Amino acid sequence: MDFQRLLDEIAHRLMHEAGREGAVASYIPALARVSGAHFGIALRTCEGEEASAGDGRLPFSIQSISKLFTLTLAMRHMSEDALWARIGREPSGNPFNSLVQLESEQGKPRNPFINAGAIAVADRLVGLYGADAKGELLAFMSHLAGEPIGFDHEVAASEAATGYRNYALANFMKSFGKLDHDVDTVLDFYFHQCALSMSALQLARTAGYLCRDGAHPCREGAQVVTERQARRINALMLTCGTYDAAGDVAFHIGLPCKSGVGGGIVAVVPDRLTLAVWSPALDATGNSLLGMKALALFAQRTGLSIF
Ligand code: GLN
């Protein structure tokens with residue numbers, strides 16, 4: 001299949017729609033001033049072929065897509081029992097920053113892809129790496145991307161300055177005895193992971209292990225996670241990766257996806273490719289409006305789906 005041509009077509013068709021509908025995330029100035037008119041798309045096949053179109057090479061704030069990579073990092077280094085003791089694996093059916101379920105479920109987040117769950121994962125990584133946790137995350141991301149990946153420090157600082165809800169979630173979990181480490185230290189890590197700055201192409205490459213049964217995206221013979229772990233991450237992406245839109249995404253797109261409020265979405269076609277899209281204007285569930293359209297179009301045109 002001529003993927004470059006297909007991505008060019010999708011970009012050509014959707015670029016003029018960019019920013020017409022939906023709203024760019026506005027909870028911090030650094031995201032609010034990003035133009036809604038961007039659209040980028042990129043992919044990397046299991047064999048290493050890459051293609052990108054539109055703004056596919058422009059870096060943006062990956063936000064909640066980072067939850068995929070911190071979970072992967074935790075799975076690499078922790079026993080299953082230890083990791084899953086405090087985090088569930090059920091779709092939440094609630095917005096990504098909701099406090100409601102946490103109270104009735106005694107501080108145990110529904111899954112690792114909502115904010116509370118990612119904060120619980122961050123607590124584990126702070127436990128594993130101590131003061132080096134942010135550096136370890138950068139090293140891991142750069143190792144997968146094959147080039148240096150960095151934080152947008154302005155985004156990280158504003159996340160911290162305005163992260164009232166995330167402070168509430170973390171303090172709430174702490175009150176249930178479900179966070180081991182200091183709330184400020186755990187959230188400093190969490191705010192930085194949200195502030196990772198990457199392009200769609202870098203994301204497609206970095207997430208490559210998810211379509212390669214856990215094998216490193218480009219280093220032959222190196223394993224990022226086991227095949228079983230890669231399957232499990234994909235299963236969680238399908239059921240929980242797009243918050244309260246996960247059912248609709250499975251219905252319309254049929255691929256494991258992880259989204260972020262920066263407007264990015266990563267999708268996996270197991271054994272074939274990883275695909276990343278970016279368009280900052282979001283729908284009411286906090287998922288990129290045009291990004292979802294692009295994924296649906298891609299799935300329709302290629303017939304690629306896990307079903
Ligand atoms: N920084 C955002 C938050 O913590 C990330 C949420 C998202 O991308 N869905 O709320």
Side-chain angles (χ1 to χ4, degrees), residues 22-34 36 59-71 87 91-102 109-123 125 134 137 151-173 179 183-198 200 203 207 236-237 239-246 248-249 257-267 276-289 291-292:
V24 170
S26 57
Y27 68 97
I28 54 174
L31 290 185
R33 67 165 176 267
V34 177
F60 61 91
S61 186
I62 76 165
Q63 292 292 327
S64 279
I65 299 174
S66 63
K67 292 170 177 150
L68 194 57
F69 302 112
T70 53
L71 174 67
I87 309 166
S92 68
N94 268 310
F96 57 84
N97 53 7
S98 171
L99 278 148
V100 174
Q101 274 162 350
L102 259 192
R110 273 282 170 109
N111 67 65
F113 291 157
I114 50 174
N115 289 13
I119 292 168
V121 171
D123 182 53
L125 293 177
K134 287 183 282 182
L137 176 61
F151 297 124
D152 180 328
H153 292 286
E154 186 196 347
V155 171
S158 348
E159 293 280 348
T162 61
Y164 306 111
R165 226 170 233 263
N166 289 319
Y167 277 106
L169 290 167
N171 278 306
F172 207 51
M173 286 191 280
L179 280 192
V183 165
D184 285 321
T185 309
V186 173
L187 284 182
D188 179 56
F189 178 86
Y190 173 77
F191 292 140
H192 277 83
Q193 73 173 72
C194 290
L196 282 165
S197 179
M198 295 172 73
L203 275 171
L236 286 167
M237 288 171 78
T239 52
C240 313
T242 46
Y243 322 115
D244 40 338
D248 249 2
V249 172
C257 293
K258 183 73 204 88
S259 61
V261 289
I265 310 172
V266 168
V277 288
W278 173 52
S279 185
L282 309 175
D283 64 18
T285 60
N287 295 302
S288 169
L289 222 142
M292 286 299 176

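Computed from a predicted model, the values in this text were never measured in an experiment. Just so you know, ligand 1 is whichever comes first in the structure, and atom 1 is the first atom listed for that ligand.
Not counting sequence neighbours, the partners of D283 by the side chain to side chain contact (heavy atoms under 4.5 Å, CB included) test are T285, N287, L289.
Counting only N and O atoms by type, the side chains of Q63 and E159 include a donor and acceptor under 3.5 Å apart. No hydrogens or angles considered: nothing links the side chains of N115 and N97 as a donor-acceptor pair under 3.5 Å.
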Which N/O atoms of ligand 1 sit under 3.5 Å from a protein N/O, and at what distances?
unit_1	atom_1	unit_2	atom_2	d
ligand 1	1 (N)	Y27	OH	3.0
ligand 1	1 (N)	Q63	OE1	2.5
ligand 1	1 (N)	E159	OE1	2.9
ligand 1	1 (N)	E159	OE2	3.2
ligand 1	4 (O)	N115	ND2	3.2
ligand 1	4 (O)	N166	ND2	2.9
ligand 1	4 (O)	Y190	OH	2.7
ligand 1	8 (O)	S64	N	3.1
ligand 1	8 (O)	S64	OG	2.7
ligand 1	8 (O)	V261	N	2.8
ligand 1	9 (N)	S64	OG	2.9
ligand 1	9 (N)	Y243	OH	2.7
ligand 1	10 (O)	N115	ND2	2.9

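In this structure a side-chain-to-backbone donor-acceptor pair under 3.5 Å is present from K258 to G241. Counting only distance, with no hydrogens or angles, the side chain of S288 and the backbone of S279 share a donor-acceptor pair below 3.5 Å.
Side-chain contact between F60 and V34: absent, with no pair of heavy atoms (C-beta onward) separated by less than 4.5 Å.
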